[in-house]
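The structure appears right after this line, and notes come after that.
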Protein chains: 2
Amino acid sequence: MTVRVSCNDCSLSQICLPLAVEPEQLDELDRMIRRGRPLKRGEHLYRAADSFEAVYAVRSGALKTYSMSEEGDEQVTGFYLPGEIVGMDGIGTAHHVSSAKALETSTVCEIPFTQLEALSTKIPTLQRHFFSLMSREIQEDRMLHMLLSKKSADDRVASLILSIGARHQRRGLSNTQFRLPMSRYDIANYLGLAVETVSRIFTRLQQQELISVDGREIQILDRPGLCGDSRKTCTS
Amino acid sequence: MTVRVSCNDCSLSQICLPLAVEPEQLDELDRMIRRGRPLKRGEHLYRAADSFEAVYAVRSGALKTYSMSEEGDEQVTGFYLPGEIVGMDGIGTAHHVSSAKALETSTVCEIPFTQLEALSTKIPTLQRHFFSLMSREIQEDRMLHMLLSKKSADDRVASLILSIGARHQRRGLSNTQFRLPMSRYDIANYLGLAVETVSRIFTRLQQQELISVDGREIQILDRPGLCGDSRKTCTS
DNA sequence: CGAGGCTTTGAAACAGTTCAAAACTCGTGG
DNA sequence: CCACGAGTTTTGAACTGTTTCAAAGCCTCG
């Protein structure tokens, strides 16, 4: 039982795949997309070693991707918010190398990759857009590389908060006040820190009056301060 | 004055782009490639903010890519050996976001991206191969993410040594004995460590008789030991 | 052969971790 | 509707891997 929503009606079409497709060709893209039932918090969208069939656009909610090392510890590799594409790391190996799990009730649009590939050869702007998406994912990984390798724990947390804010803004929401969809554990894991450290930093950033924290509810009080802290280009 | 070498004669064709192209179509790929004069150690292939025109296949030598933070410190984001493709991070932004610099005398094949894109719509296996390459770059970034966020300094260095070895093997060279093309500074920077730490670790790994080190000359003496150290899947 | 860059080594300092424990949330079932 | 309990978050104190500072030795290439 697939839900009947079309890209035309979707509020995310301006930041999602459709933006690369002319209106007259949108139907073709639209028809290949499968919109399944919502994922409940904790449910998997796919698991490592599943065969790679599709990429997914997040429609609502939030997901995390993670992989497992041989010793069995988890590494959170990314967070995905509405309008973002998840699952591109599987293209090269024909099976997923990471798992994707819902952080809260979420809906996604499934885009079968073989069909997307075929359509891409017909619509150059779509091919280009997809190259761009992957390239930008690489760029972001490089920025994360710098974050992990050069920045202090405070900078890392500040940077994540700013990033979530900026991604909210892309959807027309406040970049100043929002709810973090992930736990302190996930944040710590993603940023290569201990949970205790992350918790202490939230408290500290609040004491410095850079943000106000209430559980997962965040409000940015002093953006320049927070940016300066993380020395990150302060878009938004 | 472009050098006259064709993909047909190139010993790297089995790990480089040509592997995705049928022999009868190889000429078309071949014709779009420009082979320039060698880069001397320290010369740039491109710099951050240069407009993005092409990706490059390394033919000989070795390069590093790096980006600069606002404060002006360098982050080495990758090392590129013969047969590998460098420059894909620029696709999404129309200009390069990092710089690429020769670590030693190197030659590269320049592949104009617009032409590659056009050819990709005609040769689906080429399109697929390019998606795969980018996807694998993302995968590797994710493994690096885990390395930086969860592993000890010793594990990181061991892992890099094993990676360089494996990449030598792909070209039919020894995966046990080789020369590192990069300085201790570059290794430290890439792995998020201090130079002194890296130097100490090389000494320590040698004391443990896992490797033998003579400057940049490396020999792996106890692969399982080195793998076990870095807990990395020990291919090769 | 000399100079600047690399590499190594030692000792002190520190950022972040680990261990331990208490306090809070929130969904669930009685 | 309230109480229970598992998972999450916070806080404190001791510990440790890595960095920083300092200095000497070593290539290598002009």
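All values reported here derive from a predicted model rather than from experimental measurement. A note on names: the letters A, B, ... follow the listed sequences, proteins ahead of strands, and every chain is numbered from 1.
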For B/A194, side chain to side chain contact (heavy atoms under 4.5 Å, CB included) partners two or more places apart: B/E196, B/T197

Listed pairs under 3.5 Å, donor-acceptor, residues 209-217 of chain B side chains, sequence neighbours left out:
{"residue": "B/R216", "atom": "NH1", "partner": "B/P181", "partner atom": "O", "Å": "3.3"}
{"residue": "B/E217", "atom": "OE1", "partner": "B/R179", "partner atom": "NH1", "Å": "3.4"}

A/S174: partners by side chain to side chain contact (heavy atoms under 4.5 Å, CB included), with sequence neighbours left out: A/T176, A/Q177

Going 5' to 3' through nucleotides 3-13 of chain C, assign each nucleotide B (protein heavy atom under 4.0 Å from a base atom), S (under 4.0 Å only from sugar-phosphate atoms) or - (no protein heavy atom that close). ----BBBBB--

For B/T203, give me all partners under side chain to side chain contact (heavy atoms under 4.5 Å, CB included), at least two apart in sequence or on another chain. B/Q207

Between D/dT18 atom P and A/K150 atom NZ, what is the distance in whole Å? 16 Å

Once you apply a heavy-atom cut-off of 4.0 Å, does B/G192 come out as touching a base, just sugar-phosphate, or nothing? sugar-phosphate

Contacts of A/Y80 meeting ring-ring contact (aromatic ring centres under 6.0 Å, His included) (sequence neighbours excluded), chain-then-number -> none

Using five base pairs at each end, measure the axis-to-axis angle across the helix from C/dC1-D/dG30 to C/dG30-D/dC1 and round it to 10 degrees. 50°

Sorted by chain and residue number, the side chain to side chain contact (heavy atoms under 4.5 Å, CB included) partners of B/S11 (sequence neighbours excluded) come out as none

Rounding to an integer number of Å, can you tell me how far A/Q206 CD sits from D/dT10 C1'? 12 Å

Could you list the residues that satisfy ring-ring contact (aromatic ring centres under 6.0 Å, His included) with A/H96, not counting sequence neighbours? A/Y46, A/F52

Nearest whole angstrom, please: distance from the P of D/dT10 to the CD of A/Q207. 12 Å

